[in-house]
Amino acid sequence: MAKLQPVRGTHDLIGDDARAHLAIAGTAREVAERYGFGPMATPIFEFTEVFKRTLGDTSDIVTKEMYTFEDKGGDSLTLRPEGTAGVARAFISGGLQNELPLKCFYHGPMFRHERPQKGRQRQFHQFGVELIGVAEPSADVEVIAMAADILDALGVLSETTLELNTLGDAPSKERYRAALVEYFSDLSDKLSDDSRDRLVRNPLRILDSKDAGDRALIADAPDFDDYMTEEAAAFFAAVQDGLDTVGVAYTRNPHIVRGLDYYSHTAFEFTTEALGAQGTVLAGGRYDGLIETMGGPKTAGVGWAAGIERLAMMTGEAPALPRAITLIGLGDAGEREALRLSSELRHAGLTVELIYKGGLKRGLKRADRIHAAAAVLIGDDELARGAATVRDLDSGEQVDVAITDLKDHLAAHR
RNA sequence: GUGGCUGUAGCUCAGUUGGUUAGAGCGCCUGGUUGUGGUCCAGGAGGCCGGGGGUUCAAGUCCCCUCAGCCACCCCA
């Protein structure tokens, strides 16, 4: 900590950045509520065990990216790297089994100790949704449709592609995994170092490799569709059919893999070319095994999470705020009247910027800087006639308005 | 965790083969205007040249270390 600077990979959100952030979470929330989802907020840290058990011991997140520390009571705690585990834990410890289906959304910071780059920070924010307790493919469809609606409401849907895949059920996964390991083991000396490592840790990941040599081998690798059980295939067909029904476009990408162990069946990502290497803007899938793994009753679930910083890079500026009215009081009596008026006008719903000191010139300068619509001047002259001078800051025109008429007069400047 | 690029004023950036007091534009402040912003004119403030060490008579400039940012790998939102 040589200097007073933010911790690596963290960022302050100031002004327009903070506003864009709130706007994204706000529109996501509006859409989610239209789908009948409600808010849920779980703690930012949990017992380390919560993440270890849910994310799987082989995932990168658990093995090298968690912010884990011991608290004063000697417990091992971890800053949440993602949101689903906390929701699942709350589902179990809060006894929410009787309230199925549980439909919730959340929003907040997540923490992962990664090397920062574009679209990747150590503290970042996600908006996510979970639909727990519905095993039917219609749940997958609904949740994906909501994601598309949110991206659309943010004006970025057309810049993204929905990539869809199925990981199948447990028997499908096992058979396919075995087939892949067999196929790639024979070619092991031709694989990249990374992929050789993946072969033991997470063979499915090889399919996603960017290495040119790997890609050539992948082309002839076994096809998952040949290893799917009938049930898994039927489920995936139903999801695709549902998406067609609600008019959500997608492309099949058989190489989409989830990094976290708890996923099965549907896996999807909304990706974009606009963000460089970190092109995934929203991703999720079905996690029917998760809650049971954590020691709860066997319960189905689907959900996704979106990266707010990544979305913000695509949406640009937040929608404009209503322009303010600037109140400038001159002299003791004028300042007092300006203060009184600020309260009255705000209660009437106007956005009011009160000038605290510095006289007329500074007041107008300030008004100009915040792009106010009008300035109201109140000095001894005005007070003497029970009026105020209202200056339109675009045209420069000034009119005399009785103080009692100000509220109505200014409503036009909103 | 690995590799590449980059750190000079609040911001964007110049700074010659190492050579006197480190510059510009924008922004900010003051005045021109005792009650009139945005334009214009005049003036002003603001820099451990990311930090530490080294080479040299001399380092913003060369070397090493370190921190941070960016880009890619990896991973993922």
Side-chain angles (χ1 to χ4, degrees), chain A residues 1-11 14 24 28 55 58-65 80-84 107-128 147 160 192-195 197-198 201-202 205 208-211 214 256-260 268-272 275-284 303-314 326 328-331 334 355 358-382 389-398:
Chain A
M1 200 176 57
K3 262 167 75 173
L4 216 45
Q5 61 186 183
V7 173
R8 183 169 204 199
T10 67
H11 281 284
I14 298 171
I24 288 166
L55 304 183
T58 62
S59 73
D60 276 30
I61 291 183
V62 168
T63 54
K64 45 196 188 198
E65 295 177 3
R80 64 182 184 193
E82 57 98 44
T84 304
H107 162 227
M110 305 293 165
F111 307 85
R112 265 125 86 158
H113 190 104
E114 299 181 277
R115 183 119 166 213
Q117 70 179 74
K118 186 175 187 179
R120 191 164 83 181
Q121 301 161 217
R122 291 186 172 179
Q123 176 176 338
F124 62 102
H125 297 77
Q126 287 186 337
F127 181 94
T160 67
S192 66
D193 292 349
D194 279 333
S195 284
D197 186 45
R198 286 188 269 241
R201 286 187 37 225
N202 191 351
R205 267 256 115 81
D208 213 13
S209 173
K210 288 177 187 171
D211 184 87
D214 289 350
I256 286 190
V257 176
R258 289 277 72 111
L260 312 180
F268 61 93
E269 296 183 3
F270 284 84
T271 59
T272 179
L275 259 37
Q278 312 299 318
T280 302
V281 108
L282 183 154
W304 52 256
I308 296 194
E309 283 83 356
R310 290 184 186 179
L311 287 171
M313 286 191 278
M314 298 180 74
T326 304
I328 307 172
L330 301 167
I355 300 301
L360 184 52
K361 197 181 173 89
R362 282 175 75 103
L364 282 169
K365 254 189 144 71
R366 167 81 183 160
D368 189 55
R369 188 183 322 198
I370 65 167
H371 195 52
V376 177
L377 324 180
I378 304 150
D380 293 341
D381 297 354
E382 285 83 358
T389 299
V390 176
R391 180 179 178 88
D392 183 301
L393 290 170
D394 292 329
S395 66
E397 282 169 26
Q398 297 193 171

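Letters A, B, ... are given to chains in the order of the sequence lines, protein chains preceding strands, and every chain is numbered from 1.
- The interatomic distance linking A:Gln126 (CD) with B:rC76 (C1') rounds to 9 Å, in whole Å.
- One finds no side-chain N or O of A:Lys361 lying less than 4.0 angstrom from the OP1 or OP2 phosphate oxygen of B:rU33.
- Atoms CD1 (A:Ile355) and P (B:rG37) sit 14 Å apart, rounded to a whole Å.
- Heavy-atom nearest nucleotides on RNA chain B were determined for A:Phe124 and for A:Leu377, and the one closer to the 5' end corresponds to A:Leu377.
- Pair assignment for B:rC48: none, as no Watson-Crick or G-U wobble contacts are both less than 3.5 Å.
- Here B:rA77 presents its C1' atom at 18 Å from NE2 of A:His113, a figure rounded to the nearest Å.
- Remark: A:Met313 CE to A:Leu275 CG distance equals 4.0 Å, nearest 0.5 Å.
- For the pair A:Arg369 CZ and B:rG27 C1', the computed distance is 9 Å after rounding to whole Å.
- For A:Asp211 and A:Ser192, the side-chain atoms include no donor-acceptor pair closer than 3.5 Å.
- Side-chain nitrogen and oxygen atoms of A:Arg362 include at least one within less than 4.0 Å of the OP1 or OP2 phosphate oxygen of B:rU30.
- In this structure, A:Ala367 reaches neither bases nor backbone, as no heavy-atom distance under 4.0 Å exists between it and the strands shown.
- Nucleic acid contact class of A:Asp197 (heavy atoms, under 4.0 Å, all strands): none.
- Protein atom CG of A:Leu364 is 5 Å distant from nucleotide atom C1' of B:rG37, rounded to whole Å.
- Pairing of B:rG38, defined by two Watson-Crick or G-U wobble distances under 3.5 Å, is not identified with any nucleotide.
- Between the P atoms of B:rC11 and B:rG50, the separation comes to 13 Å (whole Å).
- Following rounding to the nearest Å, A:Asp193 (CG) and B:rG3 (P) show an atom-to-atom distance of 15 Å.
- Rounded to whole Å, the P atom of B:rA59 lies 12 Å from the corresponding atom of B:rG54.
- B:rU34 atom P lies 17 Å from atom CG of A:Asp380, rounded to whole Å.
- Within the 4.0 angstrom heavy-atom criterion, no nucleotide atom of any strand lies near A:Gly128.
- You'll find a donor-acceptor pair under 3.5 Å spanning the side chain of A:Asp368 and the base of B:rG37, going by distance alone.
- B:rG31 and B:rG15 have their C1' atoms separated by 33 Å, with the value rounded to a whole Å.
- Separating the C1' atom of B:rG19 from that of B:rA58 is a span of 7 Å, rounded to the nearest Å.
- For B:rG53 and B:rG25, the P atoms lie 35 Å apart once the distance is rounded to whole Å.
- The CD1 atom of A:Ile355 sits 12.5 Å away from atom NZ of A:Lys365, with the distance rounded to the nearest 0.5 Å.
- Between the side chains of A:Gln398 and A:Thr389, no donor-acceptor pair of N or O atoms lies under 3.5 Å.
- What separates NZ of A:Lys365 from P of B:rU36 is a distance of 13 Å, to the nearest Å.
- Residue A:Leu330 holds its CG atom at 7.5 Å from CD of A:Glu382, rounded to the nearest 0.5 Å.
- One finds the CD atom of A:Glu309 at 8.5 Å from the CD1 atom of A:Ile24 (value rounded to the nearest 0.5 Å).
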Please write out the pairs of protein N or O atoms and N or O atoms of nucleotides 68-74 of chain B separated by less than 3.5 Å, giving the distance to one decimal.
residue: B:rG69; atom: OP1; partner: A:Gly9; partner atom: N; Å: 3.0
residue: B:rG69; atom: OP2; partner: A:Arg8; partner atom: NE; Å: 2.8
residue: B:rC71; atom: OP2; partner: A:Lys118; partner atom: N; Å: 2.3
residue: B:rA72; atom: OP1; partner: A:Ala277; partner atom: N; Å: 3.1
residue: B:rA72; atom: OP2; partner: A:Gln117; partner atom: NE2; Å: 3.2
residue: B:rA72; atom: N7; partner: A:Gln117; partner atom: OE1; Å: 3.4
residue: B:rC73; atom: OP1; partner: A:Lys210; partner atom: NZ; Å: 2.8
residue: B:rC73; atom: N4; partner: A:Arg120; partner atom: NH2; Å: 3.1
residue: B:rC74; atom: N3; partner: A:Arg120; partner atom: NH1; Å: 2.8
residue: B:rC74; atom: N4; partner: A:Arg120; partner atom: NH1; Å: 2.9
residue: B:rC74; atom: N4; partner: A:Gln278; partner atom: NE2; Å: 3.1

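- Separation of the C1' atoms belonging to B:rG69 and B:rG51 is 15 Å when rounded to the nearest angstrom.
- For the C1' atoms, the distance linking B:rC76 with B:rC13 amounts to 35 Å, nearest Å.
- From A:Arg198, atom CZ reaches atom CG of A:Asp193 across 10.5 Å, with rounding to the nearest 0.5 Å.
- Using Watson-Crick or G-U wobble geometry with both donor-acceptor distances under 3.5 Å, B:rU6 finds its partner in B:rA68.
- The partner of B:rU20 cannot be assigned: no Watson-Crick or G-U wobble pair with both contacts below 3.5 Å exists in any strand.
- Under the Watson-Crick or G-U wobble criterion, with both distances below 3.5 Å, B:rG25 is paired with B:rC11.
- OP1 and OP2 of B:rA77 both lie 4.0 Å or more from every side-chain N or O belonging to A:Arg80.
- In this structure, a donor-acceptor pair under 3.5 Å is absent between the side chains of A:Thr10 and A:Gln123.
- Taking atom P in both B:rA22 and B:rU16, the straight-line distance is 15 Å, to the nearest Å.
- Panel note: side chain A:Glu82, backbone A:Thr84; a donor-acceptor pair is recorded below 3.5 Å.
- Using Watson-Crick or G-U wobble geometry with both donor-acceptor distances under 3.5 Å, B:rC76 finds no partner in any strand shown.
- Counting non-hydrogen atoms under 4.0 angstrom, A:Glu269 reaches nothing in the nucleic acid.
- Taking 3.5 Å as the limit, the base of B:rG35 and the side chain of A:Gln398 contain no donor-acceptor pair of atoms between them.
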Just list the side-chain donor-acceptor pairs under 3.5 Å for residues 109-116 of chain A, sequence neighbours left out, or say none.
residue: A:Arg112; atom: NH1; partner: A:Pro81; partner atom: O; Å: 2.5
residue: A:His113; atom: ND1; partner: A:Tyr67; partner atom: OH; Å: 3.4
residue: A:His113; atom: NE2; partner: A:Arg122; partner atom: NH2; Å: 3.4

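- A:Ile308 comes within 4.0 angstrom of nothing in the nucleic acid, heavy atoms only.
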